[in-house]
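These notes are about the structure you will find just below.
In what follows, every heavy atom counts, from backbone to side chain, and hydrogens, waters and symmetry copies are set aside.
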Amino acid sequence: MDGSNRLFHRGTSHRRGARLSALACAAVLLAAGCGGSHGSGGGASKTLTIGISLSLTGDFADPGKAAKRGYELWADHVNAQGGLLGRTVRVKIVDDLSSPSQVVTNYTNLITRDHVDLVFGPFSSLLTAPAARVAKRFGYSFLEPAGGGPKVFAEHLNNLFFVQPAPVVASGEVFADYILSLPAGQRPQTAAYPSLDDPFSSPIADTIRARFEAAGIKTVYKGIYPAEAPDLTPVMAKAAAAKPDVIVSGTQSTDAYQQVKALVQLKYSPKFMFMSNGANSPVEFPDKVGAKNTTGILSAGDWFAGSTEQGSAQFTSEYLKKYGGTAAQIDTTSAEAYGCGQLLEAVAAKTGKVDNATIISTLHSGSWPTLLGTLSWNADGAPKGTFHLVQWIDGRLVPVFPATSAQHAPLPSKPAWNG
């Protein structure tokens, strides 16, 4: 969905990098009169180049590479059909090292030095917000698959489109909806909220906590830990000591694995466990925590194997042909990145153009079928739909709620650890 364990270089170096990037952009604007003229669809070039910064190294590397697979798969797909409006699509991907300052440099260079026609977004809310500001400054549209935290939409950027069904806080809403739909006797009575200090993770846990507390579910532990925490055993020991019925974990990837390992070591297994991220990785999660320790853990998702949404079957077939594995092992981040390309195709089909101004104005009107469902956005790029609740059952992540999309009934409780 939105992340791996975040880098938190938000102090002096981050602010200095942002100021230097802003000065560089201003200089370019004065010297060259930058704007959104690239990607006109009718330009002389027979190649349509899309610039993308991704975390190929650093803390976000695993999901960053999943996004890379999705972007490149879509480029292969559209080029096999003759390109986009007759132009061969090229994705130019550069590594942002999982760093907010580097992502600003990357998008500035892609636009002002490499003169790419369009840009697609990076991975994580932490990197998306500064990257989207660069795109806005130069008049570029910004379709992005993995940056849906509240701070992203608080930028009020009309060029941004989060290519998932809903803002990430809604992934917490679907879990709260499920729990509160249970008969009173089956609901948890107490809850713990260990969360990463992160613009994606903490808001999800906070959303669930507000719903639970209003419904009478008592908070017995709430803790925020930094990304640099080397060992989460002390954090999880405090949570386990409160003996909560449900643990709501505001996680990314690495910390999600650490939380589970710590609970296994502590021999504490709650009745329910929801993880905002990390647990929704179909390959990395069982590999890192042990396949037997995944059963019953809940998360949220927007794409799943067997989905009948537009283009999903073709995406699955193309993915397996190019990368191998099974459909159940496809990371949703790859599907989200592919969805960015689907939207670009839809704009081209409707308007006969793919310039930045056309993309922005067109996507802000109507709704758009994709493999993630039918998408539409508000003025700030926040999508208006909902997520699915997914659960690990028999070694697979499957949608279990709401009933309209469920492939399996939810397990009534999480079994004991098997590690």
Side-chain angles (χ1 to χ4, degrees), residues 1-9 14 17 21 48-78 89-111 113-114 116-135 140-149 152 160-164 168 198-200 227 252-254 277-278 280-281 283-284 302-303 315 319 322-323 330-344 372:
M1 299 252 306
D2 184 278
S4 252
N5 189 23
R6 304 284 198 256
L7 289 175
F8 279 85
H9 305 301
H14 184 185
S21 296
L48 182 74
T49 303
I50 303 173
I52 307 166
S53 176
L54 285 174
S55 302
L56 305 180
T57 56
D59 285 347
F60 303 163
D62 287 341
K65 291 172 183 176
K68 181 175 183 286
R69 289 193 291 271
Y71 282 138
E72 292 180 340
L73 184 67
W74 171 75
D76 289 348
H77 164 80
V78 75
V89 172
R90 173 185 175 234
V91 289
K92 179 177 177 61
I93 297 174
V94 292
D95 185 7
D96 54 39
L97 315 175
S98 304
S99 163
S101 57
Q102 186 62 47
V103 83
V104 170
T105 298
N106 284 356
Y107 279 104
T108 301
N109 287 340
L110 285 166
I111 293 170
R113 182 190 66 194
D114 301 330
V116 297
D117 299 289
L118 305 170
V119 292
F120 282 164
F123 183 85
S124 91
S125 295
L126 186 64
L127 305 186
T128 294
R133 289 194 295 268
V134 175
Y140 276 62
S141 59
F142 202 71
L143 279 70
E144 54 96 358
V152 173
L160 180 141
F161 300 89
F162 179 43
V163 185
Q164 289 190 30
V168 295
D198 175 82
F200 163 81
Q252 290 293 353
S253 291
T254 303
N277 219 348
N280 51 16
S281 174
V283 176
E284 293 295 327
D302 54 9
W303 181 86
F315 160 76
Y319 186 101
K322 183 176 178 68
Y323 301 116
I330 299 175
D331 196 297
T332 56
T333 303
S334 296
E336 291 152 4
Y338 190 95
C340 292
Q342 279 188 307
L343 290 167
L344 198 59
L372 307 169

Interatomic spacing from [atom1] in [X] to [atom2] in [Y] - rounded to 0.5 Å:
{"X": "Asp62", "Y": "Ser253", "atom1": "CG", "atom2": "OG", "value": "7.0 Å"}
{"X": "Ser141", "Y": "Leu160", "atom1": "OG", "atom2": "CG", "value": "10.0 Å"}
{"X": "Leu372", "Y": "Gln164", "atom1": "CG", "atom2": "CD", "value": "7.5 Å"}

ask   = With ring centroids as reference points, do Phe161 and Phe120 lie under 6.0 angstrom apart?
value =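 Phe161 vs Phe120: aromatic centres not under 6.0 Å.
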inquiry  = So that I know where these two stand, are Phe315 and Trp303 an aromatic pair - ring centroids less than 6.0 Å apart?
reply    =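 Yes: the rings meet the under 6.0 Å criterion.
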request  = Indicate whether the side chain of Arg69 and that of Tyr323 have a donor and an acceptor atom separated by less than 3.5 Å.
outcome  =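 On atom types as modelled, these side chains do not qualify, holding no pair under 3.5 Å.
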request  = For the residue pair Ser55 and Asp96, confirm or rule out a side-chain donor-acceptor distance under 3.5 Å.
outcome  =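 Looking only at side-chain atoms, Asp96 and Ser55 do form a donor-acceptor pair, the distance falling under 3.5 Å.
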Taking C-beta and beyond as the side chain, do [X] and [Y] meet within less than 4.5 Å on heavy atoms?
{"X": "Ser124", "Y": "Leu127", "result": "yes"}
{"X": "Arg90", "Y": "Ile50", "result": "no"}
{"X": "Val152", "Y": "Phe162", "result": "no"}
{"X": "Val103", "Y": "Pro130", "result": "yes"}
{"X": "Glu72", "Y": "Val91", "result": "yes"}
{"X": "Leu97", "Y": "Leu56", "result": "no"}
{"X": "Val119", "Y": "Ile52", "result": "no"}

Donor-acceptor pair, side chain of [X] and main chain of [Y], under 3.5 angstrom:
{"X": "Ser53", "Y": "Pro122", "value": "no"}
{"X": "Glu336", "Y": "Val163", "value": "no"}
{"X": "Tyr71", "Y": "Cys340", "value": "no"}

Which atoms form the tightest heavy-atom contact between [X] and [Y], and what is the distance?
{"X": "Ala75", "Y": "Val89", "value": "CB-CG1, 4.2 Å"}
{"X": "Leu143", "Y": "Leu344", "value": "CD2-N, 4.5 Å"}
{"X": "Asp95", "Y": "Asn106", "value": "O-ND2, 3.0 Å"}
{"X": "Ser98", "Y": "Ala61", "value": "OG-N, 4.3 Å"}
{"X": "Pro100", "Y": "Leu126", "value": "CG-CG, 3.9 Å"}
{"X": "Phe123", "Y": "Ala146", "value": "CD1-CB, 3.4 Å"}

task = Could you check Thr254 against Asp59 for side-chain contact (heavy atoms from CB on, under 4.5 Å), going step by step and ending with a plain yes or no?
result = CA-CA 8 Å; Thr254 303; Asp59 285 347; 5.7 Å; no
ask   = Could you walk me through whether Tyr107 and Phe142 pass the ring-ring contact (aromatic ring centres under 6.0 Å, His included) check?
value = CA-CA 11 Å; Tyr107 279 104; Phe142 202 71; 5.6 Å; yes
query = Under the criterion side-chain contact (heavy atoms from CB on, under 4.5 Å), which of Leu110, Thr105, Val104, Asn109 is the partner of Val134?
reply =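 Only match with Val134 under side-chain contact (heavy atoms from CB on, under 4.5 Å): Val104.
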